[in-house]
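Here is the structure we will look at, set down as structure tokens.
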Amino acid sequence: MNQIRLQHYDSVSAIDPLQWRQLEALSGFSSYGWLNTVESHAIGSYAPRYIVAYCQETPVGAVILDLVNDVDRENGIVRRVFGGRRLLRHIFGKSLVPNLVAGTPFGYGGQFLMNAGADRTQTVRVVRELLSAAEELSAALGASLWFSDVLASDTLLMDILRDAGYLSSRYLPLAELAIEWHTFDEYVDTLKSRYRNHIRREQKRCRAAGVVFEEPIDLGDRDKTFVQLANQTYGKHGDLAFPFNPGFFSSLKSNLGDEFQACNALESGNILGFVTMISDGHTAWAGNYGLDYTNSSSAFVYFNLVLQWPIRKAIELGLKRLVLGRGHYELKMRRGCTLTETSLFHKPPNALSRPIYAGLFRMLDRHYTNQAGLNN
């Protein structure tokens with residue numbers, strides 16, 4: 001490989017979209033359309049950085065970075081360390097900000113993107129150059145560098161980070177399903193009888209209540225409602241608001257086209273809930289969802305929307321894999337999912353702090369192992 005040139009960008013819109021699409025990643029949240037939409041519609045401080053490696057003006061790799069100053073930031077490192085403990089976040093979390101996080105914003109995976117034509121030797125060289133550039137940027141900004149949501153399947157990156165002196169901790173795994181069926185009914189038939197019965201009861205309750213499901217093509221008249229329902233869900237399950245403003249979903253549809261799918265549930269013309277997913281022709285990733293908790297029907301609509309529809313749609317699209325995100329692990333595993341581990345990586349600033357961070361990472365590793373039920 002010839003000499004590598006590194007270029008820094010503050011917005012993905014400054015990068016040629018055709019060149020960006022020459023780079024492959026392990027996450028659909030690294031797509032140009034997703035990144036562009038997040039930049040346009042994120043609420044609050046969002047400061048992305050992109051470093052792209054070029055060889056003879058052809059992109060051969062890139063790293064996605066996010067400068068975080070907010071201790072309450074969703075998917076932020078402070079939340080990874082202190083979770084929902086708001087008081088601890090505000091007392092001790094300030095010692096961890098600002099930080100520079102490598103990884104897809106509001107998604108997972110995708111720390112480094114590589115040209116599909118590169119061999120292992122070339123890939124190692126490019127990743128090391130990008131890592132060095134990210135560390136230099138981290139030092140210039142006075143923001144510690146972290147790698148968040150590194151997928152277990154990204155073995156090359158994990159090896160390079162460990163060789164470079166980074167410590168690691170397990171984070172919450174992702175549930176994913178290998179698609180091996182031609183129809184949704186075939187999938188249901190592979191499950192144990194009690195779980196098959198659960199799914200059929202969920203479907204029957206929706207039919208009895210007159211709930212119908214639709215996949216809207218134009219989200220312009222749905223967008224505001226989707227954001228409102230997403231805010232209900234965020235409010236019910238934590239202390240955050242939905243991180244995007246109205247226009248987010250219609251912008252995703254515009255930027256991603258057929259790679260973005262949405263489904264909503266209707267009862268008497270009223271939207272009870274919605275779910276979205278993005279895909280790349282091989283894998284689908286579950287996106288956002290929201291429910292109207294003021295309507296009792298949303299309780300059983302949840303299962304049909306959030307668990308059944310993505311599987312049904314992935315089968316219909318002929319995909320090979322569906323990533324269903326985090327949470328409800330036992331329920332998802334009963335429905336055929338396996339768990340893929342994700343990890344956090346950080347290199348302590350000096351030898352004196354290394355034992356402190358090593359102890360912190362051991363504590364985090366135990367915590368997230370227990371939280372995911374991986375000790376069972």
Side-chain angles (χ1 to χ4, degrees), residues 25-27 29 63-68 70-112 127 130-131 134-135 138 143-176 238 240 323 325-329 338-376:
L26 298 177
S27 170
F29 296 104
V63 59
I64 301 171
L65 300 159
D66 182 10
L67 180 62
V68 180
D70 184 0
V71 296
D72 288 328
R73 168 71 179 276
E74 181 184 0
N75 289 346
I77 292 303
V78 175
R79 277 190 171 270
R80 297 291 194 257
V81 174
F82 296 105
R85 302 174 183 88
R86 186 179 181 85
L87 182 61
L88 291 180
R89 289 202 308 269
H90 284 262
I91 294 176
F92 300 107
K94 294 179 180 179
S95 64
L96 297 177
V97 293
N99 54 64
L100 190 65
V101 184
T104 55
F106 306 99
Y108 35 76
Q111 286 76 18
F112 288 99
V127 170
L130 288 169
L131 175 60
E135 290 176 341
S138 166
S144 58
L145 179 63
W146 291 72
F147 286 78
S148 179
D149 296 308
V150 176
L151 303 175
S153 52
D154 201 349
T155 55
L156 176 62
L157 174 57
M158 291 194 294
D159 289 343
I160 290 175
L161 290 176
R162 286 171 178 146
D163 287 345
Y166 282 73
L167 299 173
S168 66
S169 164
R170 177 183 284 135
Y171 185 56
L172 290 173
L174 296 171
E176 61 178 73
L240 287 174
V323 181
R326 297 187 165 101
H328 298 294
Y329 294 115
T338 57
L339 301 184
T340 296
E341 288 188 15
T342 67
S343 299
L344 307 172
F345 283 82
H346 176 64
K347 182 161 64 175
N350 52 58
L352 290 177
S353 63
R354 191 173 182 87
I356 297 174
Y357 275 96
L360 172 64
F361 274 44
R362 284 194 296 270
M363 179 189 71
L364 290 175
D365 200 273
R366 288 194 298 270
H367 170 73
Y368 284 120
T369 298
N370 292 334
Q371 191 167 340
L374 297 177
N375 280 332
N376 295 336

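Numbers here simply count residues along the sequence, with the first being 1. Since the structure is predicted, the reported quantities are computational estimates derived from the model, not experimental observations.
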query: Heavy atoms, side chains only, cut-off 4.5 Å: are Thr104 and Gln111 in contact?
result: no
Between the CG atom in Asp149 and the CG atom in Asn75, the distance rounded to the nearest 0.5 Å is 6.5 Å
Hits for salt bridge (charged side-chain N to carboxylate O under 4.0 Å, His left out) against Asp159, two or more places apart or cross-chain, chain-then-number order -> none
Residue set satisfying side-chain contact (heavy atoms from CB on, under 4.5 Å) with Ser343, at least two apart, ordered chain then number -> Phe345
Legend entry - Test item: Ser138 side-chain N/O and Ala134 main-chain N/O as donor-acceptor pair under 3.5 Å: no
Original post:
Does a side-chain heavy-atom distance below 4.5 Å link Arg73 with Arg79?
Top reply: no
### Query
Going by the angle between their ring planes, with limits at 30° and 60°, are Phe147 and Tyr166 parallel, tilted or perpendicular?
perpendicular
The reported gap from CZ in Arg85 to CD1 in Ile91 (rounded to nearest 0.5 angstrom) is 13.0 Å
Sequence neighbours excluded, the answer for ring pair (Phe, Tyr, Trp, His ring centres under 6.0 Å) partners of Phe106 is Phe244
query = So, the side chain of Tyr368 versus the backbone of Ser169: is there a donor-acceptor pair under 3.5 Å, distance only?
reply = no
#### Entry: Pairwise side-chain contact, Leu167 with Pro348, heavy-atom cut-off 4.5 Å (strictly under)
yes
Thr340 meets the side chain to side chain donor-acceptor pair (under 3.5 Å) criterion, sequence neighbours left out, with Glu176
For Val71, the side-chain contact (heavy atoms from CB on, under 4.5 Å) test, sequence neighbours excluded, returns Val78, His90, Lys94, Val97
Hey, can you pull the donor-acceptor pairs under 3.5 Å for the side chains in residues 354-361, sequence neighbours left out?
{"unit_1": "Arg354", "atom_1": "NH1", "unit_2": "Gly165", "atom_2": "O", "d": "2.9"}
{"unit_1": "Arg354", "atom_1": "NH2", "unit_2": "Gly165", "atom_2": "O", "d": "3.4"}

